[in-house]
2 protein chains.
Amino acid sequence: MKSVVQRTGLSPHVIRVWEKRYGAVAPRRTASNRRLYSEAEVRRLLLLHAATKAGHSIGTIARLSDEQLRALTGWAEEPAALPPIVNGHTLPGDPSAGFLARALETVRRLDARAFESVLLGASLQLGCQGLLQKLIAPLVIKLGDLWCSGELTAAEEHFASGAIRNFLAGLSRPFTLPENAPALVVATPAGQVHELGAVLVAAAATSHGWRVTYLGTSLPAVEIAGAVWRTTARALALSLVYPADDAALPAELTTLKRALPASVAIVAGGRAAAAYRPTLEAIGATLAEDLPGLYAFLDSVRQPDGVTPSRS
Amino acid sequence: MKSVVQRTGLSPHVIRVWEKRYGAVAPRRTASNRRLYSEAEVRRLLLLHAATKAGHSIGTIARLSDEQLRALTGWAEEPAALPPIVNGHTLPGDPSAGFLARALETVRRLDARAFESVLLGASLQLGCQGLLQKLIAPLVIKLGDLWCSGELTAAEEHFASGAIRNFLAGLSRPFTLPENAPALVVATPAGQVHELGAVLVAAAATSHGWRVTYLGTSLPAVEIAGAVWRTTARALALSLVYPADDAALPAELTTLKRALPASVAIVAGGRAAAAYRPTLEAIGATLAEDLPGLYAFLDSVRQPDGVTPSRS
DNA sequence: CCAAAATAGACCAGACTTAGACAATCGCAA
DNA sequence: TTGCGATTGTCTAAGTCTGGTCTATTTTGG
């Protein structure tokens with residue numbers, strides 16, 4: 001099972017040597033003498049790796065308890081288990097370092113692998129929800145800011161878009177949803193060209209137990225409404241990012257409202273959502289400022305027939 | 001009944017060995033000792049195939065129950081086994097035709113999970129290359145046709161785009177590229193709004209051992225060129241799908257050519273590529289009609305300077 | 001008689017295990 | 001500063017385990 005253990009970012013040799021010389025871990029063995037690591041041991045190895053990267057020598061920390069290690073590294077929470085398929089490496093060097101800054105730096109370099117590596121490290125350390133709220137959401141906002149002020153090129157923005165999208169797709173895959181999970185349609189109305197917000201919403205809702213139908217950017221109202229009808233969705237999420245002064249959008253939104261089933265709740269978010277507040281209020285949409293706001297909306301809309309097994 | 005069992009994508013040898021060594025299945029026998037598989041056993045073999053592809057060793061999972069296997073693979077629903085063909089000899093020509101039809105049907109229903117299920121089943125039976133060449137590529141073309149003729153709504157097109165994109169992202173993730181893999185930039189020039197072709201190219205190139213920087217749709221020439229410079233890419237792939245009569249595109253392409261390093265090879269593909277042939281020839285771009293064409297281009301460009309010394 | 005399918009066994013590539021050697025690096029004493 | 005030992009990561013060699021493939025041979029159905 002060494003290949004699975006590669007998700008610690010350590011080489012097989014190192015893991016064996018740590019076990020033999022310092023008794024850092026004591027994995028079970030199969031009948032044929034192969035090492036079998038428990039989830040807890042994998043996490044312990046991650047902790048040890050982080051601690052050594054932070055400067056502690058392995059010989060002095062190998063026998064410490066998990067609690068002591070956590071205190072040493074400053075890792076707050078048990079890292080959430082990740083999709084076991086990942087084969088990437090390169091842990092976060094500094095537990096305290098800003099993932100945001102490193103993510104931005106990799107975007108600037110257009111280095112997809114390094115970028116994914118940062119996201120992976122963050123997801124290990126922060127957990128799925130933490131990743132979304134503490135890294136992805138701020139990152140999306142930051143990218144939007146930089147793009148608006150011209151400090152980010154279109155290539156960089158597109159690149160980050162695609163990379164985040166792909167990563168979140170992989171993150172959402174392992175979620176097994178109950179058959180009766182409520183359905184949500186995520187889209188951006190015609191004229192809205194930025195995808196990142198919608199992607200973020202889709203991932204958040206999926207991790208929150210919703211069955212998401214993602215439609216992407218710039219769809220006419222009729223199309224969105226049709227999709228809602230066809231998927232019998234309970235709610236519709238709209239991402240409004242740019243432009244913030246589209247004269248045609250209010251009409252689009254009212255058309256959309258008219259074409260929707262009356263029972264469908266609408267939520268809108270994104271940097272430009274506030275700019276369209278009157279129209280949004282007119283069509284009865286909820287405004288979600290941030291991810292907690294989105295979660296609150298989703299919980300309020302989720303009906304009691306589903307038992308809401310929330311994942312965290 | 002072994003030929004019918006090929007719909008699991010496994011070789012006859014493997015199926016027999018799994019049965020003999022691990023007791024994975026226990027098919028009934030005819031009077032003359034031939035194996036007779038039930039539908040449930042075929043599905044079980046599919047599950048086992050998926051699980052082994054996901055990295056689990058057959059020896060440890062062969063005795064698990066179907067439920068455990070489903071949990072392991074994350075397949076909520078019954079795997080999309082192949083056409084329910086029975087004794088009728090409908091087999092050899094195109095096992096992919098069935099997948100294509102079913103994929104289209106799930107797109108029509110906007111059912112993301114069913115769609116993924118079809119893609120997953122196809123990837124098992126056809127393999128990675130087969131999936132791309134026999135299902136995804138035709139599917140992309142078909143979707144384009146339907147969209148052009150108005151038989152596909154924008155919502156369906158967007159939905160399929162996103163779903164395929166996500167699936168291919170997951171498919172490419174496990175690839176571990178050598179450090180010196182040649183780099184490729186994939187983009188569509190300004191004005192080109194269809195993403196699917198570019199996504200397909202990106203996945204194909206990744207699976208072919210290239211380090212891909214994916215930039216998405218509708219990027220100005222300067223941006224694309226800048227990305228090529230920064231990633232020190234050896235080649236650039238452009239996807240031209242729609243529109244086929246953009247008057248501004250030739251100028252865009254020549255600008256692009258001028259801004260690129262001279263050593264960078266350009267390849268163009270997509271339904272609209274032929275329409276811009278003169279311009280493409282003028283800038284020295286290769287025209288790739290299909291995936292084999294793309295592979296040929298990639299192989300011809302891959303230089304021997306990185307001979308993979310296998311030691312860094 | 002031939003194609004297809006069955007069995008038993010050989011075979012091979014790759015991954016894993018152990019033991020030990022080797023090379024950097026660091027701290028500390030002279 | 002130099003020298004020396006301890007620490008720590010990496011590498012090699014030889015043997016084992018695992019799992020897919022292949023061959024030889026026999027049986028069956030058309």
Side-chain angles (χ1 to χ4, degrees), chain A residues 1-37 41-42 45-46 48-64 84 87 89-91 93, chain B residues 1-37 41-42 45-46 48-64 86-89 91-92 124-125 127-128 174 176 178-179 309-312:
Chain A
M1 289 302 190
K2 196 56 63 62
S3 64
V4 179
V5 174
Q6 297 313 89
R7 68 176 153 142
T8 59
L10 296 160
S11 89
H13 279 127
V14 169
I15 296 178
R16 273 192 288 264
V17 148
W18 284 6
E19 176 187 334
K20 189 173 56 155
R21 298 211 270 236
Y22 319 109
V25 288
R28 281 182 28 242
R29 299 300 187 106
T30 72
S32 58
N33 201 27
R34 296 180 132 146
R35 291 173 174 83
L36 261 179
Y37 292 91
E41 283 169 323
V42 172
L45 286 172
L46 271 171
L48 287 169
H49 190 186
T52 54
K53 285 274 184 164
H56 299 90
S57 79
I58 180 64
T60 63
I61 61 171
R63 311 220 88 129
L64 295 181
N87 205 14
H89 41 302
T90 61
L91 243 256
Chain B
M1 285 296 193
K2 193 57 61 59
S3 63
V4 180
V5 174
Q6 297 316 88
R7 66 176 158 145
T8 59
L10 296 161
S11 89
H13 282 309
V14 169
I15 296 178
R16 274 193 288 263
V17 156
W18 283 6
E19 177 187 334
K20 187 171 60 147
R21 295 212 270 234
Y22 317 108
V25 287
R28 282 183 27 244
R29 299 299 187 108
T30 72
S32 59
N33 203 25
R34 258 111 210 236
R35 289 175 175 82
L36 264 178
Y37 293 91
E41 282 170 322
V42 172
L45 286 172
L46 264 174
L48 287 169
H49 189 185
T52 54
K53 285 272 184 160
H56 298 93
S57 78
I58 181 63
T60 63
I61 60 170
R63 308 236 127 182
L64 296 181
V86 207
N87 40 16
H89 284 2
L91 43 120
L124 283 177
Q125 184 180 349
C128 177
T176 320
E179 204 49 52
S310 81
R311 172 73 188 92
S312 56

- [ ] Can you sort out which residues in residues 23-31 of chain B have a heavy atom within less than 4.0 Å of DNA chain C? Ascending by number, please.
- [x] Arg29(B)

Open item on the list: Taking the nucleotide of DNA chain C with the nearest heavy atom to each, does Pro12(A) or Lys20(A) sit closer to the 5' end?
Closed with: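 So the residue in question is Pro12(A).
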
Spacing between [X] atom [atom1] and [N] atom [atom2], to the nearest angstrom:
| X | N | atom1 | atom2 | value |
| --- | --- | --- | --- | --- |
| Arg35(B) | dT28(D) | CZ | P | 15 Å |
| Lys53(A) | dG9(D) | NZ | P | 11 Å |
| Arg34(B) | dT26(D) | CZ | P | 16 Å |
| His49(B) | dG19(D) | NE2 | C1' | 13 Å |
| Leu36(B) | dG29(D) | CG | P | 12 Å |

- [ ] Ignoring backbone atoms, establish whether Ser57(A) has a side-chain N or O less than 4.0 Å from OP1 or OP2 of dC26(C).
- [x]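 No, no such contact exists.
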
Open item on the list: Between Ser32(B) and dG29(D), is there a contact of a side-chain N or O with OP1 or OP2 at under 4.0 Å?
Closed with: yes

Task: Leu36(A) versus Pro27(A), closest heavy-atom pair with distance - done: O-CB, 3.5 Å

Open item on the list: With heavy-atom distances below 4.5 Å as the criterion, would you say the side chains of Tyr22(B) and Leu48(B) are in contact?
Closed with: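 No, too far: nothing below the 4.5 Å cut-off.
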
TODO: Would you mind reporting whether Tyr37(A) and Thr8(A) have side-chain heavy atoms less than 4.5 Å apart?
DONE: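 No, too far: nothing below the 4.5 Å cut-off.
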
Open item on the list: Nearest to the Asn33(B) side chain among dG20(C), dG29(D), dT7(C), which nucleotide is it?
Closed with: dT7(C)

TODO: Measure from the side chain of Arg16(A), starting at C-beta and using heavy atoms only, and say which of dT17(C), dA6(C), dT8(D) lies closest.
DONE: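 In terms of side-chain proximity for Arg16(A), the closest of dT17(C), dA6(C), dT8(D) is dT17(C).
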
- [ ] Test Leu10(A) against every option in Ile15(A), Leu46(A), Thr52(A) by the side chain to side chain contact (heavy atoms under 4.5 Å, CB included) rule and name the one that passes.
- [x]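 It is Ile15(A), the one option of Ile15(A), Leu46(A), Thr52(A) that forms the side chain to side chain contact (heavy atoms under 4.5 Å, CB included) with Leu10(A).
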
Please list, for nucleotides 20-23 of chain D, all pairs of protein and nucleotide N/O atoms separated by less than 3.5 Å.
from: dG20(D); atom 1: OP2; to: Trp18(B); atom 2: NE1; distance (Å): 2.9
from: dG20(D); atom 1: N7; to: Arg21(B); atom 2: NH2; distance (Å): 2.4

Open item on the list: Test: salt bridge (Lys or Arg N to Asp or Glu O under 4.0 Å). Region: residues 22-31 of chain B. Which pairs qualify, not counting sequence neighbours?
Closed with: Glu19(B)-Arg29(B)

